[in-house]
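Written out below as structure tokens is the structure these notes cover.
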Amino acid sequence: MNNLNDINIAAQCIKDGKLVAFPTDTVYGLGANALNPLAVAKIFELKERPSFDPLIIHISNIQQLEILILTTDERIYKLAEKFWPGPLTMVLPKSRIVPDIVTSGLSTVGIRMPDNDIALELICKSECPIAAPSANKFGRISPTTAAHVKKQLPNIDYILDGGKTKVGIESTIIKLTEFGFQILRNGIITKEELEKIIPFDGNLKIEKISAPGMLKSHYSPNKMFFIANNATLKLGKSRAGLISFSGELEKGFRKVIKISERKDLKDYAVNMFEAMHTFEDDNEIEIIIAEPVYENGIGKAIMDRLRKAEFTWLQK
Ligand code: AMP
Ligand code: MG
């Protein structure tokens, strides 16, 4: 791998059907030309991602959206105007140009415009939309730095290093219904913010899709990981690292990472995957405990990630 942090080389890799890891506003993505099925197949191979899990396509301008979707629903443009570039993915009816491998055979495609200059320039110079899931092995912790990417995917063709990502958790995913929007995955853009633009549709059940964004287990460290509660706090604090928010649980832990000095939930989102990586890499830590937060606003997205990270460990 080449150490040069050169967007022109990265864009050439994308054009050549290779894979590039790049920073977005949320986490690092593992990108390929979204219109080249063979290139997209390499993403699934390198990540060891099951083929039933659809990818999100990243665009750098609104004209690219028009070739990827069938509808001209004006609500899409209202949402795009307010939230793009930004951490909002819209699931929309796809056009024939989008290969089935990107959408796992679904008739819809997830699209967003990331709010990161390196990402936007890469997409622009590659002259194609870029399909990109998070740049980690399937089911593992998402990367928020280039070092996290290298740790899990050392054989990638090229990595663009843009420092630590500013949002830290994956995008909010919505789908539009006749009546409004439904949330398929919580993120930093909350239901309340979206409701200011279009109504929330609470009437219909969310269709069951077979995708890990919606599975119970995901984002999981390779060490025991639990959300703090009466039982898990008894597991052996002297061997455990605490991801601390309120500062009230810290006594007795081997190590503590304070996730937010100012007790702001945004900082929890920004720093949580990095804290998991840090404890995962720390030989003195055997158990990772994370402090839970109230499920209001961004708290929903944070608890969603913590529960999925914990799920496999609760089964053992
Ligand atoms: P990732 O890129 O790994 O953060 O996750 C992409 C997630 O987006 C998937 O796991 C799905 O949950 C969701 N997604 C992508 N495309 C679609 C689609 N067409 N319909 C529903 N959900 C989708
Ligand atoms: Mg992911």
Side-chain angles (χ1 to χ4, degrees), residues 19-32 34 40 43-59 65 68-71 76 86-114 116 119 129-144 148-149 152-153 165 167-177 181-189 204-221 269 272-273 276-277 301 304-305 308-309 311:
L19 303 185
V20 172
F22 62 100
T24 75
D25 41 1
T26 58
V27 300
Y28 273 70
L30 176 63
V40 173
I43 295 179
F44 285 91
E45 197 181 3
L46 189 67
K47 269 194 74 129
E48 297 166 30
R49 180 172 172 121
S51 58
F52 61 72
D53 187 8
L55 305 180
I56 292 170
I57 295 187
H58 295 71
I59 59 173
L65 177 69
L68 300 172
I69 60 172
L70 287 179
T71 149
I76 299 169
L88 177 71
T89 298
M90 290 191 242
V91 169
L92 304 165
K94 82 171 191 76
S95 73
R96 286 179 56 189
I97 202 177
V98 178
D100 284 335
I101 188 169
V102 172
T103 64
S104 305
L106 295 170
S107 59
T108 53
V109 58
I111 302 179
R112 80 179 193 98
M113 192 188 291
N116 176 291
I130 293 185
S134 49
N136 51 276
K137 286 279 186 198
F138 174 69
R140 299 283 315 285
I141 317 171
S142 302
T144 58
H148 297 158
V149 178
Q152 293 193 36
L153 305 174
T165 57
V167 173
I169 57 171
E170 298 80 356
S171 58
T172 305
I173 304 181
I174 61 167
K175 98 171 183 193
L176 298 181
T177 67
F181 72 93
Q182 295 188 323
I183 297 184
L184 302 183
R185 178 172 72 189
N186 288 298
I188 203 111
I189 295 178
L204 298 167
K205 271 199 200 149
I206 291 175
E207 265 169 63
K208 249 195 156 192
I209 63 153
S210 319
M214 312 201 55
L215 283 184
K216 288 183 173 149
S217 171
H218 209 46
Y219 318 113
S220 197
M272 68 188 294
F273 287 135
M276 288 186 201
H277 277 290
D304 165 69
R305 305 309 189 274
K308 285 179 179 155
F311 187 78

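In each ligand, atom 1 is the first atom listed, and ligand 1 is the first ligand listed.
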Hey, is the Mg ion (ligand 2) within less than 2.8 Å of some N/O/S atom on Ser134? yes
What I want to check is whether the side chains of Ser142 and Glu170 have a donor and an acceptor closer together than 3.5 Å. yes
Minimum heavy-atom distance between Leu46 and Leu153, given as atom pair plus value: O-CD2, 3.8 Å
Are the side chain of Thr103 and the backbone of Pro54 linked by a donor-acceptor contact shorter than 3.5 Å? no
I'd like to know if the side chain of Thr108 and the backbone of Val91 have a donor-acceptor N/O pair within less than 3.5 Å. no
Counting from 1 in the order shown, the ligand 1 atoms closer than 4.0 Å to a non-hydrogen atom of Arg185 are 1 (P), 4 (O), 5 (O)
Proximity flag Lys175 to ligand 1, non-hydrogen atoms under 4.0 Å: no
List ligand 1 atoms under 4.0 Å from Ile173, heavy atoms only on the residue side. 7 (C), 8 (O), 13 (C)
Below a 4.0 angstrom heavy-atom separation, can you tell me which part of Met90, side chain or backbone, both or neither, approaches ligand 1? neither
Distance filter under 4.0 Å to Pro133 heavy atoms, resulting ligand 1 atoms: 2 (O), 3 (O)
What are the atoms of ligand 1, with element, lying closer than 4.0 Å to any heavy atom of Leu184? 21 (C), 22 (N)
Mark yes or no for whether Ser171, through its side chain, and Pro87, through its backbone, hold a donor-acceptor pair below 3.5 Å. no
Under 3.5 Å, is there a donor-acceptor pair between the side chain of Glu48 and the main chain of Lys137? no
May I ask you to decide whether Asp25 forms a salt bridge with Arg112, counting only side-chain N to carboxylate O separations under 4.0 Å? yes
Ligand-side contact atoms (ligand 1) for residue partner Leu106, heavy atom cut-off under 4.0 Å: 18 (C), 19 (N), 20 (N)
Atoms of ligand 1 less than 4.0 Å from Val109 heavy atoms? 19 (N)
For Thr108, take its heavy atoms, then give the atoms of ligand 1 lying under 4.0 Å from any of them. 18 (C), 19 (N), 20 (N)
